[in-house]
**Student:** 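Below you will find the structure I want to go over with you.
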Amino acid sequence: MRAVAAAAVKLRELRNKVMREQGWSLRDLYRTLDMPGKNPLRDAQERLDAAVSAAYGLPAGADMLDFLLALNAEVAAAEARGAAVTGPGLPAGLNTADFVTADAVRPLG
């Protein structure tokens, strides 16, 4: 969970820095992903994707959509049995302050 939070913060820091320096919107920034070659934004997004995949236990090479649909069916079945499931947001027992940051994508201006 901490790896996901750290990767997400790094991605947002990079996005905010590039948007501010270039005067770009978020849309302008993400258009750079269509260009070939090295792209720090792509690298940061891939690190976040890898952290999320690891947190969910996605096996290497697995189809993400199939994995998520199976996970959704598993949670739905657990709910139908009356089992407790973890809802959206941070799981109980985590210190929210460790995961909530003040940064956000904001309009330029």
Side-chain angles (χ1 to χ4, degrees):
M1 193 66 123
R2 290 188 191 285
V4 172
V9 168
K10 292 290 186 191
L11 175 61
R12 290 192 309 269
E13 287 172 350
L14 176 64
R15 287 190 318 204
N16 290 339
K17 177 180 182 273
V18 173
M19 288 169 55
R20 186 175 51 255
E21 288 175 355
Q22 300 297 326
W24 288 348
S25 68
L26 190 58
R27 184 175 185 173
D28 294 332
L29 177 67
Y30 272 88
R31 283 186 178 142
T32 68
L33 294 177
D34 294 332
M35 299 189 306
K38 185 160 174 51
N39 186 317
L41 178 64
R42 184 180 300 114
D43 296 342
Q45 184 66 57
E46 287 173 359
R47 284 189 293 275
L48 176 57
D49 291 348
V52 170
S53 293
Y56 276 92
L58 178 69
D63 180 87
M64 186 174 291
L65 182 57
D66 289 342
F67 178 82
L68 291 174
L69 288 172
L71 181 59
N72 188 37
E74 183 181 318
V75 172
E79 282 182 313
R81 290 190 310 272
V85 298
T86 301
L90 291 173
L94 291 179
N95 182 0
T96 303
D98 291 340
F99 296 94
V100 176
T101 62
D103 68 316
V105 175
R106 301 190 196 299
L108 296 174

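Bear in mind that the values here come from a model prediction, so they are computed numbers and not experimental data. Just so you know, these numbers use all the heavy atoms, side chains as well, and skip hydrogens, waters and symmetry mates.
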**Student:** Give the minimum heavy-atom separation between Ala78 and Val85, together with the two atoms involved.
**Tutor:**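 Looking at all heavy atoms of both residues, the closest pair is CB-CG1, 3.9 Å.
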
**Student:** Give me the atom names and distance for the closest heavy-atom approach of Lys38 to Asp43.
**Tutor:**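 The pair with the smallest heavy-atom distance is NZ-OD2, 2.9 Å.
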
**Student:** Would you say the side-chain atoms of Arg47 pair up with the backbone N or O of Leu11, donor to acceptor, closer than 3.5 Å?
**Tutor:**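 Here the side-chain-to-backbone pair does not exist.
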
**Student:** Are Tyr30 and Gln45 packed together at the side-chain level, in the sense that at least one heavy-atom pair is separated by less than 4.5 angstrom?
**Tutor:**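 They are in side-chain contact.
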
**Student:** Take Thr101 and Arg12 through the side chain to side chain contact (heavy atoms under 4.5 Å, CB included) test and state the conclusion after the steps.
**Tutor:** CA-CA 10 Å; Thr101 62; Arg12 290 192 309 269; 2.9 Å; yes

**Student:** Would Leu33 end up clustered with Leu48 when hydrophobic side chains under 4.5 Å apart are linked, directly or stepwise?
**Tutor:**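 Yes, same cluster.
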
**Student:** I need the minimum non-hydrogen distance between Tyr56 and Phe67, along with the two atoms involved.
**Tutor:**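 Closest approach of Tyr56 to Phe67, heavy atoms only: O-CZ, 3.2 Å.
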
**Student:** Any ion pair linking Arg31 and Asp28 (charged N to carboxylate O, less than 4.0 Å)?
**Tutor:**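 Answer for the salt bridge query: yes.
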
**Student:** Could you tell me which non-hydrogen atom of Leu26 sits nearest to which non-hydrogen atom of Met19, and how far apart they are?
**Tutor:**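 Taking every non-hydrogen atom into account, N-CE, 3.7 Å.
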
**Student:** Does a side-chain heavy-atom distance below 4.5 Å link Leu41 with Leu29?
**Tutor:**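 Yes - at least one pair of side-chain heavy atoms lies under 4.5 Å apart.
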
**Student:** Could you report the tightest heavy-atom contact between Val4 and Ala51, atom names first, then the distance?
**Tutor:**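 Looks like CG2-O, 3.4 Å.
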
**Student:** So Asn72 and Leu68, do their side chains get closer than 4.5 Å, heavy atoms only?
**Tutor:**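 When only atoms from C-beta onward are counted, Asn72 and Leu68 do not touch, as no gap falls below 4.5 Å.
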
**Student:** Find the distance between CZ (Arg15) and CZ (Arg20) and round it off to the nearest 0.5 Å.
**Tutor:**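 Those atoms lie 13.0 Å apart.
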
**Student:** For the hydrophobic clusters of this structure (ILVMFWY residues joined by side-chain heavy atoms under 4.5 Å, transitively), does one cluster hold both Val75 and Leu69?
**Tutor:**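 They do not share one cluster, since no chain of ILVMFWY contacts under 4.5 Å joins Val75 to Leu69.
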
**Student:** Kindly give the heavy-atom pair with the smallest separation between Arg42 and Met35, and that separation in Å.
**Tutor:**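 Here Arg42 and Met35 meet closest at NH2-O, 3.1 Å.
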
**Student:** Is it the case that one hydrophobic cluster holds both Leu71 and Val52, taking links as side-chain heavy atoms less than 4.5 Å apart, direct or via other members?
**Tutor:**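 Leu71 and Val52: one cluster.
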
